[in-house]
Amino acid sequence: MNILEGLNPAQSSAVRQTTGPLLILAGAGSGKTKTVAHRIAYLMQSEEIWPNQILAVTFTNKAARELRERVWTLTDGREGEVPRSFMPWMGTFHGICVRMLRQDGHAINIQQNYVIYDDDDRQGLIKQAMKQLSVDAAQIKPRAVSGIISNAKNEMRSPEDIEAAANYPNMRTIAKIYAKYESMRRQAGALDFDDLLLETVRLLREHEDIRHKWQDQFKHIFIDEYQDTNSAQYMIVKYLVNKDQNICVVGDDWQSIYSWRGADFTNILNFERDYPKASVIKLEQNYRSTNAILSAAQLVISKNKVRTDKKLWTDLGEGAPVEVHATYDESEEASLVAGRIATHVGMKARKYHDFAVLYRMNAQSAALERAFRLQRIPYQLVGGVRFYDRKEIKDIIAYLRVIYQPNDRVSFSRIVNIPARSVGAKSLERFLAWQSEADLDIIDSLCRVHECDGLTPRAKTSLGALGTHLRELQAMLAEGLAPADVIERLLTLVNYREYLRDGTPQAEEREENIGSLLSDVRVFADLPEFLEETALISSSDQQAGHDKVTLMTLHAAKGLEFPVVFMVGLEEGIFPHSRVYDAGPSELEEERRLCYVGMTRARQELHLTYARSRLQFGQRGYNEVSRFISDMGNQVAAFEQPVFGIDKKGDDFVSDELPFSSGDRVRTPAFGEGEVIEVDGLAVTIRFDRGGTRKLNAEYARLEPV
């Protein structure tokens with residue numbers, strides 16, 4: 001087989017350069033995997049390099065499998081199952097390190113039969129370490145400690161380094177937990193995922209003979225997605241490169257979006273400094289997107305100051321202009337996206353799987369999921385959990401169920417120790433047995449828990465306090481307060497927001513999810529309607545088949561492509577994220593790279609949407625349109641959406657008298673069209689055409705006469 005066949009000039013040049021350091025700057029959609037596969041095949045076929053002499057590192061096992069299959073087809077000439085022995089040193093950094101440590105870890109006192117701890121194992125050991133050090137888990141969350149330890153290891157910082165840099169008491173405590181964790185881990189003969197990298201660095205640094213052995217073995221080294229390497233990965237590569245410096249790194253600094261997990265995109269920018277004899281080849285022909293999409297994306301990324309210089313081009317034609325859609329709020333935004341998709345599929349112009357909807361934060365999926373369910377659009381969440389299946393959402397709904405139905409033992413068992421109340425399994429069992437014998441509901445039992453024998457004073461105090469809180473919330477419902485107000489009070493009474501703030505990167509996202517829940521619930525006038533809605537979502541949300549719209553975060557979309565992409569929430573404070581206001585320019589530049597990644601997922605159509613108002617953390621805010629849209633200049637076509645029953649200036653609902661009566665036809669962005677059954681103050685009961693009767697809060701439902 002002619003290995004060079006089907007390659008463009010830049011790709012061919014990269015394949016044929018077989019000696020010395022080489023940096024391949026591969027623009028989005030430029031055939032990076034194809035180039036790497038052909039280069040490896042060319043080395044084996046034309047340079048007679050053996051497969052086991054090539055180290056090829058990818059960032060996912062999926063990418064490694066795809067690359068191995070391509071090389072096998074190119075060198076063997078036939079498709080089919082690839083032998084396990086083919087390209088034995090092709091895999092992820094962690095996978096490669098596991099094998100090296102199995103062989104040579106004894107040199108640094110790592111047993112050959114070491115076990116590998118995942119995140120859950122690490123958190124379990126951290127809890128044990130904290131218990132031995134008498135550190136209260138309510139004061140410092142084990143999950144937060146785990147994240148800090150992981151970041152420290154990726155930056156190759158020891159417990160002593162953390163303690164020396166500590167500028168407040170908690171960090172000094174965490175440094176002690178880190179040290180105790182390390183001692184207990186070594187005693188257990190275990191390595192966590194970060195240790196796999198860190199110990200490989202130590203092995204190669206401390207043992208010159210072992211380092212030279214591996215350098216002799218690997219005649220050629222390939223590193224994919226080099227812009228995503230962290231400090232430990234960077235050092236492993238440096239130690240493995242031999243005197244011939246036959247290293248080829250492939251990547252695109254424009255698509256570096258993982259600094260929050262330790263990636264350092266300056267590694268790719270500094271490649272020529274590290275290897276002064278390096279050649280640089282740019283892959284600039286894009287095989288994915290139309291020129292209209294590429295031109296708009298290029299205008300966005302060109303605003304970044306710290307970047308390499310490339311100019312992507314395509315021969316796929318100009319294509320449709322990038323469209324920008326202004327909407328009133330998140331409900332109308334979601335309705336617009338769902339409506340566009342439904343129309344295209346209804347006309348048989350597209351399939352559902354042709355569409356992807358990308359957002360900055362997982363919390364944004366709530367409005368989209370509701371709109372898709374309303375219009376019967378099948379969807380799948382990639383890299384995330386359906387909104388009403390997320391832990392924090394299920395926690396709050398469990399609280400609401402106990403308030404509404406105080407005999408619900410399943411929901412009570414879920415929330416009795418959320419947040420932690422020091423109620424052990426035996427105490428809970430005794431309490432529930434007593435509650436059943438006393439023939440009391442759960443809230444009454446909690447309020448009379450002092451009568452229950454066999455409980456510790458601490459358990460009685462905790463359960464009694466919970467009963468007081470639930471009784472107050474129950475009274476609020478009896479007084480007719482809206483479900484959203486009950487949730488707001490609940491969050492305060494049980495300190496749930498403080499419980500979420502555990503110091504991990506996911507904490508902010510969990511709070512945003514609670515804000516989206518508040519946005520969802522404000523539409524409903526009473527709790528039963530809302531609980532019924534969520535129950536129906538849980539029972540009917542499983543959708544069969546493969547023809548589905550893809551919903552995912554922008555981070556999860558990297559490496560994928562779709563004929564049509566919707567990017568939603570293009571507002572200041574949403575995208576770019578609000579944290580850019582407190583951080584330096586590097587944070588904004590990463591947000592801009594993330595925007596570029598999202599835009600270049602689109603092959604034929606790209607739609608950008610923003611909302612003039614958006615409910616966040618239970619409060620309605622009015623955000624400016626994202627600067628990324630203005631970055632695109634005249635490369636976009638702007639469209640104004642009709643606003644449902646509200647002044648375009650964004651005035652809130654103020655009238656006490658509703659212009660609706662029984663029998664009127666109305667429309668709402670969240671549920672579609674229906675008939676008014678009853679009006680009681682701001683509560684409007686509507687029988688919807690798509691099924692179901694709901695009592696909605698007119699202040700938030702934005703009803704429009706039909």
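All values reported here derive from a predicted model rather than from experimental measurement.
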(request) Answer yes when Glu572 and Arg627 have at least one side-chain N-carboxylate O distance shorter than 4.0 Å, and no when they do not. (result) yes

(message) Just verifying a value: how many Å separate Arg360 CZ and Ser578 OG, rounded to the nearest 0.5 Å?
(response) 9.0 Å

(request) Might you confirm whether atom CZ of Arg421 has over 12 heavy atoms from other residues, nucleotides or ligands at distances under 6.0 Å? (result) yes

(message) Could you check whether Asp526 pairs with Lys695 (Lys NZ or Arg NE/NH1/NH2 to Asp/Glu carboxylate O, under 4.0 Å)?
(response) yes

(request) State plainly whether the residues Glu590 and Arg593 are in salt-bridge range, i.e. N to O under 4.0 Å. (result) yes

(message) Looking only at the side chains, is there a donor atom on one of Glu571 and Ser626 sitting less than 3.5 Å from an acceptor on the other?
(response) no

(request) Could you verify whether a donor N or O on one side chain and an acceptor N or O on the other, from Asp520 and Tyr388, lie under 3.5 Å apart? (result) yes

(request) Establish, yes or no, whether a centroid distance under 6.0 Å links the rings of Phe628 and Phe575. (result) yes

(request) Given side-chain contact (heavy atoms from CB on, under 4.5 Å), test Asp192 with Ser150 step by step and report yes or no. (result) CA-CA 9 Å; Asp192 61 34; Ser150 179; over 6 Å; no

(message) Check this for me: does any side-chain nitrogen of one of Glu332 and Arg702 sit under 4.0 Å from a carboxylate oxygen of the other?
(response) yes

(request) For the pair Asp395 and Lys391, find out whether any cationic side-chain nitrogen is under 4.0 Å from an anionic carboxylate oxygen. (result) yes

(message) Between the side chains of Arg350 and Glu605, is the shortest nitrogen-to-carboxylate-oxygen separation below 4.0 Å, so that they form an ion pair?
(response) yes

(request) Mark yes when over 12 heavy atoms from residues, nucleotides or ligands other than Glu472 sit less than 6.0 Å from its CD; otherwise mark no. (result) yes

(request) Please check if the side chain of Asp441 supplies one atom and the backbone of Asp444 the other of a donor-acceptor pair under 3.5 Å. (result) yes

(request) Nearest 0.5 Å please: distance from the CG atom of Leu500 over to the NZ atom of Lys141. (result) 9.0 Å

(message) If the threshold is 4.0 Å, N to carboxylate O, is there a salt bridge linking Arg614 and Glu330?
(response) no

(message) Does Arg261 qualify as a cation-pi partner of Tyr258, given the criterion of NZ or CZ under 6.0 Å from the six-membered ring centre and within 45 degrees of its axis?
(response) yes

(request) Kindly assign one of parallel, tilted or perpendicular to the pair His555 and Trp260, based on the angle between their ring planes and the thresholds 30° and 60°. (result) perpendicular

(message) What verdict does the side-chain contact (heavy atoms from CB on, under 4.5 Å) test give for Leu358 and Val565, after you've listed the backbone C-alpha separation in whole Å, the side-chain angles of each residue and the deciding distance to 0.1 Å?
(response) CA-CA 7 Å; Leu358 312 181; Val565 168; 3.7 Å; yes

(message) As a test of understanding, state which of Leu368, Ile574, Leu554, Thr609 forms a side chain to side chain contact (heavy atoms under 4.5 Å, CB included) with Tyr359.
(response) Leu368

(message) Is it true that, when you exclude Glu429 itself, more than 12 heavy atoms of the residues, nucleotides or ligands shown sit nearer than 6.0 Å to its CD?
(response) no

(request) Could you tell me if the ring centre of His607 sits under 6.0 Å from that of His325? (result) yes

(request) Ignoring hydrogens and angles, state whether a donor on the side chain of Glu369 or Tyr379 is under 3.5 Å from an acceptor on the partner side chain. (result) yes

(message) Would you say Ser365 and Arg370 are linked by a side-chain donor-acceptor pair, where the criterion is simply a distance under 3.5 Å?
(response) no

(message) Contact between Arg122 and Asp118 at the side-chain level, heavy atoms closer than 4.5 Å - yes or no?
(response) no

(request) Answer yes or no: are there more than 12 heavy-atom neighbours, outside Lys460 itself, under 6.0 Å from its atom NZ? (result) yes

(message) Using a 6.0 Å distance limit plus a 45 degree cone around the ring axis, check whether Arg522 lies over the aromatic ring of Tyr700.
(response) yes

(request) Indicate yes or no: does Asp120 engage Arg143 in a salt bridge with an N to O separation below 4.0 Å. (result) no

